[in-house]
Amino acid sequence: MGNVAFAARALCQGLEIPYVMPEKNNKGTLVTGAYYSPEEICLPFKIMMGNFLECIERGADTILFVGSCGPCRFGEYSELMMKILRKMEHDIDFIVFDMSPEIGIGEIRRRLGKVLERSPVSLARKLSAVKKAMKIQYLCDRLDRAAYLKAGYEARKGGCKRLLNEYKARLYECQSPEEALNILKLYVKKLASIEIDKSKKPIKIAIIGEIYTVIEPFSNLNIEEKLMDYGVSSERMLTPSWWVKDTALKPLKLNSLRVSRAAAKYLPYPVGGHCKECVGEAYLAGKKAMDGAIQILPMGCMPEIIAKSILPTIQKDTNLPVLTLIVDEVTGEAGFITRVEAFLDMLSSRRKKPDMAS
Ligand code: SF4
């Protein structure tokens, strides 16, 4: 999922646990995953199944997975995945890290122990490996965020996108957490040195929606890079680092307070997935007077369908135009681009004719 593979690999390297680095998601991954998945399951499931099968073919014998008790389909992902892999006669150790109180802290510890016992390094080195992996994740997210935002202001078009692709290609090949950290630090500096034109007033878009499809570029047809090509600045709150922080603060009920408060008026109850975040982010984007928001969701995603039904009210209350894009394995790129371009045209027109904005 997006840049998570870089941090996960650094963790395995630091723990000295052999790993298989998945291929970058591609059409083949999706076709394989979709073939072995239930037809009506959401897109992230199909891509992940494709990842698992490709990695098993290359020698993986264990899958670590983050679970959830629901209430959306994600609560069923791990069970269903295990069943499919068993049916295909793959002898795989499937370890799920579930936050469900029903499993209990003892069981979570047992599962964690099962992973850590395979690592020959000392406790101090284990802790250092976790720290470095988290730092890598944080720096990747920071770089992406800065590049997507700065793209609208760059004096010479294309610099941010070039650096973004360059750092990812170098990270994909790197051999140790230390090397990854050095690359990331270098690119943080390179990105900061990109010249900007302060007179530019780019269109600003908030990317909101289902967490997997907003983070994984293959699943959203690389929307953030496409916006960079159009000279648009985009912002996205949902990142892997955000998820780690949110998950850690959840038991204390201190997670995502600002966005929860913003969503409370429209959605007083949790309905699963990141529906609350989507609603809250849209409201905050409207209040910040951003030009628009693009909601991305997989076909049939239950929480995001609820968010979609609330967004018109937010649109009315805050005057924020919202474009909803639904993705699945048959989404065609041409139609997708046409809708994005038409939306951007409409946003530019609103700027030129302020009466359209009311
Ligand atoms: S949030 Fe949506 S896409 Fe993600 S697992 Fe739940 S239903 Fe599927």
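First listed ligand is number 1; within each ligand, the first listed atom is number 1.
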Side chain to side chain contact (heavy atoms under 4.5 Å, CB included) test vs Tyr167 passes for just one of Leu163, Asn165, Leu171, namely Leu171
Between [X] and [Y], do the side chains contain an N or O donor and an N or O acceptor separated by less than 3.5 Å?
X	Y	value
Ser119	Glu16	no
Ser256	Asp246	yes
Arg142	Ser241	no
Thr29	Glu54	yes

Among all protein non-hydrogen atoms, which one is nearest to [atom], and what is the separation to 0.1 Å?
atom	value
atom 4 (Fe) of ligand 1	Glu210 OE2, 2.9 Å
atom 2 (Fe) of ligand 1	Cys301 SG, 2.3 Å
atom 3 (S) of ligand 1	Pro298 CG, 3.4 Å

What part of Phe45 sits under 4.0 Å from ligand 1 if we count only heavy atoms: the side chain, the backbone, both or neither? neither
Spacing of Arg73 atom CZ and Cys42 atom SG [to the nearest 0.5 Å]: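 Those atoms lie 5.0 Å apart.
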Just jot down the ligand 1 atoms closer than 4.0 angstrom to any heavy atom of [X], in number order.
X	value
Met302	7 (S)
Arg73	6 (Fe), 7 (S)
Tyr77	5 (S), 8 (Fe)
Cys72	1 (S), 5 (S), 6 (Fe), 7 (S)

Are any N, O or S atoms from Cys42 nearer to atom 6 (Fe) of ligand 1 than 2.8 Å?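 No - counting backbone and side chain alike, Cys42 has no N, O or S atom under 2.8 Å.
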Cationic N near anionic O, under 4.0 Å, Asp229 to Lys161: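 So Asp229 pairs with Lys161 through a salt bridge.
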